[in-house]
Peer 1: 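Sending over a structure as C-alpha cells; questions will come in a sec.
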Amino acid sequence: MHLPAPDLSIVARRSDIVAGLREIVPPDSVIADDDSLGVYDCDALTAVRQKPLAAVLPADTGEVARILRFCRDQGVNVVPRGAGTSLSGGSIPLGDGILLVTSRLNRILEIDYENRCAVVQPGVTNLAITKAVEDRGFYYAPDPSSQLACSIGGNVAENSGGIHCLKYGITTNNLLGVEIALIDGDIARIGGKAGAPSGYDLLGLVTGSEGLLGVVTEVTVRILPRPPVARALLLGFPSIESAGACVAAVIAAGIIPAGMELMDRLTVEAVEAYCRPGYPDAEACLIAELDGTAAEVTALIARVERIATDCGATSCHASTSEAERLAIWAGRKAAFPATGRIAPDMLCMDGTIPRRELPRVLNRIGELSRIYGLPVANVFHAGDGNLHPLILYDVMKPGDLERAESFGNDILTLCVECGGVLTGEHGVGIEKRDLMPVMFAEEDLAQQLRVKCAFDPSHRLNPGKVFPHLHACAELGRVHVHGGAFRRADLPRL
Amino acid sequence: MSVVWVYSAVEAAEAVKAAIADGEKLAIRGRDTKKSLGRPVDAGRMLDISRIAGTIRYEPEELILRVKAGTPLIDIEMMLREHRQMLPFEPPDWGPFFGAPDRRGTIGGVLAADVSGPRRFKAGGPRDALLGFTAVNGFGESYKAGGAVVKNVTGYDLPKLMCGSFGTLGPLIDVTLKVLPAPEREDTIVLRGLTAPEGLRTLRAIAGEPLEATGLAHLSGELARHLEGALGIAEGLTAIRFEGAREAVEERVAAMMERFRRAGARRLGDNVSHDFWRRVGALDLVAREPGVVWRILAPPFAAAAIAGEIGPNAVQYDQAGGQLFVVLDDAPHAHANLVRSVAARHNAQTALFRAGEGQRAAHGVFQPQDEVLARLTREVKSAFDPEQVFNPGRMYEGV
C-alpha cells in the first residue's frame, strides 16, 4: 500500500492555495496548521498516514462546488472525507491535495413519512437517520458496523453494506436520489422522492464510486417500517463446514433471514474474553436473525432450528426477549475490538466468495496463517458470502506489517480465484487498488476508467485510489479502427 | 435494413468494428418485442443478439444465475420455477402491450428496457438484481464488469448503468443475476368503489406499516371493467398483495380482512391473485384502452394530484402510488406539454410509453434532462460508444 508521490510544485504553492480557499469559505473553515491537520492524517485503515495540504470544511453545497472548481483550475487534487471510517483507505489524504471534509453538512433536511423517505446532508451519520425516524416506527436499513460514526455521504461513496443486507440490500438499494458537486463546480441532482429518473442510472453509478466521480452534497434515502418482531438464533457447530452447510440449507429451504453471521473459534474466544455474550463452546458459532410478524417469526425459528439440527448443530438457542436478542448481537458487534485486544494491530479483509467455497477458503487461510506466522480470526456475513478475516500483527515488529499485507493479498486473490470478488462492502481504496488486475482484465479496467474520464477528465478527484494506473483520458477515448481491417466476410448479413 | 446475427462476444465485437469501419450505425435487437418503446432509431444495420442464448450457470443455493443475454425470459422463469426461485423484480411480459407476440422477450431486452413488475417498491428493479455482465462497447471490445456474487463493491457499478440504457451503451452478451426463493404463498385483498385519492391513501398507509405488502395498486373504473367475473365492474379497484411463508400470508390477510370488513374486502386466493398481478405488470388492462399512454414515476403522495391535474381517460396506479400509467386521447401533440408540466410541478418523471413513431420522434420519450444531466449523459455515452454506433437516438437525440 502506498500513496502516489506528491507533486512538489503543488506543495510549494501551499500558502497561495490556502489563501485562495479562504476567499471561497470563511477563513476558519480552512485548516492549514500542521498540528490541527494531524487529526486528519488517516482514516480507519490506520496503517497508512499522510497529512493533507489543507483540510476544508464547507458549510453548504455552493461552497463545495466552488472549492472543487477552484481546485480544478489550480490543478490541486481533492480527497473527499465523511467521518473517516473507511477501512480501505478511501479517504486517506494526499500530500499534494486538499481534504474536503463534509462534517459540517450535518443537517437532516426533511423527513417525509407520506413518501417514506428522508432528505439529509452528507455529514449526517448513518445511525442518526434511524434515530430521527424510529419514534414513528421507521428505520434506515443499511447498518454498517461503524453506523454510530460513519456518515451517509461516505456510505454513498463506498456503497456500504451491513449485517442485514442479504434481506434489505446495501446502500445502493436504499437510495432515491443524490445531489453531487462535480469537479467543474456544476451540481447534478439525480433522482429524488420519485426515485432514480429514466435515462442512465447515474444514481447507481455514483453510489460506490469512492469519491472519484463527485462529492455527495445531499442524499434522499428510503426509510422502512421496522418489522414488529425480530428474534435471533444462536447456534453452535462442531465445524465450519457444518455451519456453512446449515446456511446453504436455510437458503435452499426458501428462507432469507434478516442476518446470518458466522464466527470461528478464535473469534468466539476473543469475544467471550471481551464481553461474555455467552456464546457456545464450539468450532463455529452462527447467529441467524428472523424478522416479521410474531407468528411468522415463530414458524421460521422452528424451521431454522430443525435445519440446524439436521446439519449437526451442537447447541441451539432462540432469543425470547429483545434484551436477549441484543445480547446475542453484542458479541458479534464487538468482534473487531475484541480481536483488537489480543493483538496490537489488525488488518480487516473483505472478500466475497460463493458460499460453497467457504470450507476450502477457510482451510487455505489457515494454511497461509501458518506460513506467514500471523494469527487470523474469521467473521463472516454467511448469508451473502462476505468474508472478514482479521489478520493480527504487531506494527512494532519489523516486517510484520509487510507480512500482514501480503497475507491479505493472498486471501483476496484466493477469493477471486474461487469465483468471488476483492471487496464486498469496504471498497477498493488504496488497500486493494493494486489487486484490481487480479479481478479485471485490462479492457475491463479501461472501460471503468473511461467512465471516470466522463466525470473527471483531469483526474483531480481522489487520485491514487481504486485504479492502479490512471491513463490519460484522451488515449482511452480513441477508437482504433483501420480502414476495413475488421470486416468479416463470414458474418451472415441480410 | 441489413441484419447481422452474432453468436458470441467475439462476433459481436467484430460486427461493431465492421460497422465503425463502414460508417454504419447499429440498431440492437433481441427478439424485437419492445422496439416501439423509446425514440425511433436511425441505423442502417441491425445487430441481432437473440442467438447468444442459453444458461451458463445456475446455482440455486448461491442465489446466482448466469445466462446469455439472448435467453428468452420464459425459459429462465421455467428453470427458476423448478427450484422454487424467481427473479426478484418480477419482470412482466410487455410484448403484447407493444404489439408483439407474448412470451418472446429476452433477458437482455428486459434489462436494457428496465422492465420491472409490481414488486419493485419492495424488491427493487433490474438494477438491483444485475450483479455482473459481459458486453461489447463501441470500441469493439468485449469487457466484463461487476461480479458473480450477491455482495460486491469492487470497481464502478457498471451493471446499474446498463439497466435502462436501451442498448445505447452496447449489446449485453451475458448477465449474472441475483435470484430469490419464490414465495410459498400469495394472496390479495381487493377493495371496491374507492376513489383514487381514497384508494391511494389506503395503499400508502399499508406501505408505511411493517406488513411487507408486495403489490399495492389502484385501478380506475375504466380499467377494472376489463376484469372478468365479479371484479369486472366499472368502479375503482384497490388491491393489496401479500407474499411469503404460509403462516405470514395467512396472518396478514386475516388482519386485513378484519380491518377492511366494512369496506367489503374480498380475498382473491393464490391463483386469481397471481393472474391479477401478472396483468397489472404486463399492462394488460391499460393496453385495452385506446390512446397514448404515459408512465409517470412520482412521489407516492403526489399520485392522485398528478392524475387529477392531467385528467386522463384511465389510470393504473401501482407501487403504492409511485408509478402511474395514464391513458389519454390520441393527439399529434401526445399531451406532452400538459403531462410534463404537471409532472414537473410534483417532482415526478415521465415517459411517453405508447404512442406513434411520429409522436415519439417529435416529442421525445424519456424525462427531459437539465443541462448538467444532459451533459453527463452525453459524456457517459461517449465513454462507452464514442462513435455513437449503438441505437442512436433511442433515448435522447444525439445519445
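Computed from heavy atoms alone, side chains included, the values below leave out hydrogens, waters and symmetry copies. Here the structure is a predicted model, which is why all the values come from computation and not from measurement. The sequence lines fix the lettering, A, B, ..., with proteins before strands; numbering per chain opens at 1.
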Peer 1: Which atoms of A/Asn174 are under 4.5 Å from chain B, going by heavy atoms: the side chain, the backbone, both sets, or neither?
Peer 2: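 Interface part for A/Asn174: neither.
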Peer 1: Tell me, side chain or backbone of A/Leu224 under 4.5 Å from chain B's heavy atoms, or both, or neither?
Peer 2: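 Neither part.
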Peer 1: Is a side-chain donor or acceptor of B/Glu62 paired with a backbone partner of A/Arg355 at a separation under 3.5 angstrom?
Peer 2: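 Yes, B/Glu62 side chain to A/Arg355 backbone: donor-acceptor pair under 3.5 Å.
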Peer 1: Sort B/Phe166 into side chain, backbone, both or neither according to what part of it lies under 4.5 angstrom from a heavy atom of chain A.
Peer 2: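 Contact with chain A: none, neither part.
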Peer 1: Please determine whether a side-chain nitrogen of the Lys or Arg among A/Arg189 and B/Asp370 lies less than 4.0 Å from a carboxylate oxygen of the Asp or Glu.
Peer 2: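 Here A/Arg189 does not pair with B/Asp370 in a salt bridge, since their nearest N and O are not under 4.0 Å apart.
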Peer 1: Return the CZ to CG distance between B/Arg127 and A/Leu203, rounded to the nearest 0.5 Å.
Peer 2: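 Those atoms lie 5.5 Å apart.
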Peer 1: Please look at A/Ile187 and chain B and tell me whether the side chain, the backbone, both or neither of the residue comes under 4.5 angstrom of a heavy atom of that chain.
Peer 2: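 A/Ile187 touches chain B through backbone heavy atoms alone.
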Peer 1: So for B/Ala182, is it side chain, backbone, both, or neither that comes closer than 4.5 Å to the heavy atoms of chain A?
Peer 2: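 Contact with chain A: none, neither part.
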Peer 1: Quick one about B/Lys151 and A/Asn386 (side-chain donor to acceptor, distance below 3.5 Å, no hydrogens or angles considered), yes or no?
Peer 2: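 B/Lys151 and A/Asn386 do have a side-chain donor-acceptor pair below 3.5 Å.
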Peer 1: How close do A/Ile251 and B/Pro181 get, counting heavy atoms only, and between which atoms?
Peer 2: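 Heavy atoms of A/Ile251 and B/Pro181 come nearest at O-CG, 4.2 Å.
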Peer 1: Check each atom of B/Val399 against the heavy atoms of chain A and say whether the ones under 4.5 Å are side chain, backbone, both or neither.
Peer 2: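 Interface part for B/Val399: side chain.
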Peer 1: Contact part of A/His381 toward chain B, heavy-atom cut-off under 4.5 Å: side chain, backbone, both or neither?
Peer 2: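 Answer is side chain: those atoms of A/His381 sit under 4.5 Å from chain B.
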Peer 1: Heavy atoms only: give me the nearest B/Phe301-A/Asn115 pair and the separation to one decimal.
Peer 2: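 Taking B/Phe301 first and A/Asn115 second, the nearest heavy atoms are N-OD1, 2.7 Å.
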Peer 1: Taking every non-hydrogen pair under 4.5 Å, which of A/Lys452, A/Arg222, A/His426, A/Glu296 racks up the most with chain B?
Peer 2: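 Heavy-atom pair counts peak at A/Glu296.
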Peer 1: Under 4.5 Å from any heavy atom of chain B, what part of A/Thr172 do you find: side chain, backbone, both or neither?
Peer 2: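 Looking at A/Thr172, backbone and side chain both touch chain B.
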Peer 1: Would you check if B/Lys160 and A/Leu205 make a side-chain contact, meaning some heavy-atom pair closer than 4.5 Å?
Peer 2: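 B/Lys160 does not reach A/Leu205 side chain to side chain.
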Peer 1: Within a strict 4.5 Å, meaning less than it, do heavy atoms of the B/Val150 and A/Asp384 side chains meet?
Peer 2: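 Yes, at least one pair of side-chain atoms sits under 4.5 Å.
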Peer 1: Please classify the contact of A/Ile223 with chain B as side chain, backbone, both or neither, using a heavy-atom distance under 4.5 Å.
Peer 2: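 For A/Ile223, there is no contact with chain B at all, as no heavy atom is under 4.5 Å.
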Peer 1: Does the ring of B/Phe121 carry A/Arg116 above it, NZ/CZ under 6.0 angstrom from centre and within 45° of its axis?
Peer 2: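 Verdict for B/Phe121: no cation-pi partner in A/Arg116.
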Peer 1: Is the shortest heavy-atom distance from the side chain of B/Tyr143 to the side chain of A/Gln448 under 4.5 Å?
Peer 2: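 No, side chains not in contact.
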Peer 1: Heavy-atom distances under 4.5 Å only: say whether B/Ala298 touches chain A with side chain, backbone, both or neither.
Peer 2: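 B/Ala298 touches chain A through backbone heavy atoms alone.
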Peer 1: So what's closer than 4.5 Å to chain A heavy atoms on B/Lys122: side chain, backbone, both or neither?
Peer 2: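 Neither part, no heavy atoms under 4.5 Å.
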Peer 1: With only heavy atoms counted, which part of A/Ala295 is less than 4.5 Å from chain B, the side chain, the backbone, both or neither?
Peer 2: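 For A/Ala295, backbone and side chain are both near chain B.
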Peer 1: Does A/Lys432 reach the side chain of B/Thr154, with side-chain heavy atoms less than 4.5 Å apart?
Peer 2: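 A side-chain contact is absent here, since even the closest heavy-atom pair is not under 4.5 Å.
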Peer 1: Is the shortest side-chain heavy-atom distance between A/Glu357 and B/Val149 below 4.5 Å?
Peer 2: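 Result no, sub-4.5 Å side-chain heavy-atom pair not found.
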Peer 1: Given heavy-atom pairs under 4.5 angstrom as the criterion, report whether the side chain, backbone, both or neither of B/Pro386 touches chain A.
Peer 2: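 Side chain only.
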Peer 1: Quick check on B/Ile296 against chain A: is it the side chain, the backbone, both or neither that has a heavy atom closer than 4.5 Å?
Peer 2: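 No part of it gets close to chain A.
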Peer 1: Strictly distance-based, threshold 3.5 Å: is any side-chain N or O of B/Gln349 a donor or acceptor partner for the main-chain N or O of A/Ala194?
Peer 2: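 Checked: no pair found.
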Peer 1: Please state whether the side chain, the backbone, both or neither of A/Cys473 comes within less than 4.5 Å of a heavy atom of chain B.
Peer 2: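 Contact with chain B involves no heavy atom of A/Cys473 at all.
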Peer 1: Measure B/Glu379 against the heavy atoms of chain A and call it side chain, backbone, both or neither at under 4.5 Å.
Peer 2: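 Backbone plus side chain of B/Glu379, per the 4.5 Å heavy-atom cut-off to chain A.
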Peer 1: Which bit of A/Ala196 comes within less than 4.5 Å of chain B, counting heavy atoms only: side chain, backbone, both or neither?
Peer 2: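 Answer is backbone: N, CA, C or O of A/Ala196 sit under 4.5 Å from chain B.
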Peer 1: Where do B/Leu63 and A/Ile256 land on the side chain to side chain contact (heavy atoms under 4.5 Å, CB included) test, with the steps shown first?
Peer 2: CA-CA 11 Å; B/Leu63 305 176; A/Ile256 299 289; 4.0 Å; yes
Peer 1: So, for A/Gly419 and B/Ala148, which heavy atoms are closest and what is the spacing to 0.1 Å?
Peer 2: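 Heavy atoms only, the tightest pair is O-CB, 4.4 Å.
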Peer 1: Is it the case that more than 12 heavy atoms not belonging to A/Tyr139 sit under 6.0 Å from its OH atom?
Peer 2: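 Yes - once you tally the heavy atoms of other residues, nucleotides and ligands closer than 6.0 Å, there are more than 12.
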Peer 1: Any non-hydrogen side-chain atom of A/Asp201 less than 4.5 Å from a side-chain atom of B/Asp114?
Peer 2: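 No; the side chains remain at least 4.5 Å from each other.
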Peer 1: Non-hydrogen atoms of chain A under 4.5 Å away: do they reach the side chain of B/Glu59, the backbone, both or neither?
Peer 2: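 For B/Glu59, the side chain is the part near chain A, not the backbone.
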Peer 1: Can you tell which part of B/Gln85 gets under 4.5 Å to a heavy atom of chain A, answering side chain, backbone, both or neither?
Peer 2: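 Neither; nothing under 4.5 Å.
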Peer 1: Between B/Val153 and A/Glu158, is the side chain to side chain contact (heavy atoms under 4.5 Å, CB included) condition met? List the steps.
Peer 2: CA-CA 8 Å; B/Val153 296; A/Glu158 299 291 324; over 6 Å; no
Peer 1: Answer with side chain, backbone, both or neither: which region of A/Leu422 has an atom nearer than 4.5 Å to a non-hydrogen atom of chain B?
Peer 2: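 Both the backbone and the side chain of A/Leu422 come within 4.5 Å of chain B.
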Peer 1: Does any part of the side chain of B/Phe139, heavy atoms only, come nearer than 4.5 Å to the side chain of A/Glu443, both counted from C-beta?
Peer 2: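 Heavy-atom side-chain distance check fails, nothing below 4.5 Å.
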Peer 1: Any donor and acceptor pair, going by atom type alone, linking the side chain of A/Gln447 with main-chain N or O of B/Ala383 inside 3.5 Å?
Peer 2: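 Looks like yes, one N/O pair under 3.5 Å.
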Peer 1: Which region of A/Met436, side chain (C-beta onward) or backbone (N, CA, C, O), has a non-hydrogen atom less than 4.5 Å from a non-hydrogen atom of chain B, or is it both or neither?
Peer 2: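 For A/Met436, side-chain heavy atoms alone lie under 4.5 Å from chain B.
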Peer 1: Heavy-atom distances under 4.5 Å only: say whether A/Tyr113 touches chain B with side chain, backbone, both or neither.
Peer 2: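 Contact with chain B: none, neither part.
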Peer 1: Name the region of B/Ser382, side chain, backbone, both or neither, that has any atom closer than 4.5 Å to a heavy atom of chain A.
Peer 2: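 No part of B/Ser382 comes within 4.5 Å of chain A.
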Peer 1: Using non-hydrogen atoms and a 4.5 Å limit, figure out which bit of B/Arg201 sits close to chain A: side chain, backbone, both or neither.
Peer 2: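 Neither part; nothing is under 4.5 Å.
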Peer 1: Does atom CD (A/Glu442) have a neighbourhood of more than 12 heavy atoms from anything else shown, all under 6.0 Å?
Peer 2: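 Counting other residues, nucleotides and ligands, CD of A/Glu442 stays at 12 neighbours or fewer.
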Peer 1: For each of B/Arg84, B/Arg375, B/His83, tally heavy-atom pairs with chain A at distances under 4.5 Å, and name the one with the top tally.
Peer 2: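 Of the options given, most contacts go to B/Arg375.
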Peer 1: Which distance, rounded to the nearest 0.5 Å, do you find between the CD of A/Glu114 and the CG of B/Leu200?
Peer 2: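 With rounding to 0.5 Å, CD (A/Glu114) is 11.0 Å from CG (B/Leu200).
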Peer 1: Non-hydrogen atoms of chain A under 4.5 Å away: do they reach the side chain of B/Gln367, the backbone, both or neither?
Peer 2: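 Both parts, heavy atoms under 4.5 Å.
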Peer 1: Using 0.5 Å steps for rounding, measure from the OG1 atom of A/Thr220 to the CG atom of B/Asn347.
Peer 2: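 The distance works out to 10.0 Å.
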Peer 1: Does A/Ser209 reach the main-chain N or O of B/Tyr156 with its side chain, forming a donor-acceptor pair under 3.5 Å?
Peer 2: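 No, A/Ser209 side chain to B/Tyr156 backbone: no donor-acceptor pair under 3.5 Å.
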Peer 1: Do you know which of A/Gly427, A/Gly199, A/Gly385 has the most heavy-atom pairs with chain B at a distance under 4.5 angstrom?
Peer 2: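 Most heavy-atom pairs under 4.5 Å with chain B: A/Gly199.
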Peer 1: Can you tell me which portion of A/Arg303 sits under 4.5 Å from chain B's heavy atoms? Options are side chain, backbone, both or neither.
Peer 2: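 Contact with chain B is through the side chain of A/Arg303 alone.
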Peer 1: Is B/Thr134 in contact with chain A via its backbone, its side chain, both, or neither, using a 4.5 Å heavy-atom distance?
Peer 2: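 For B/Thr134, there is no contact with chain A at all, as no heavy atom is under 4.5 Å.
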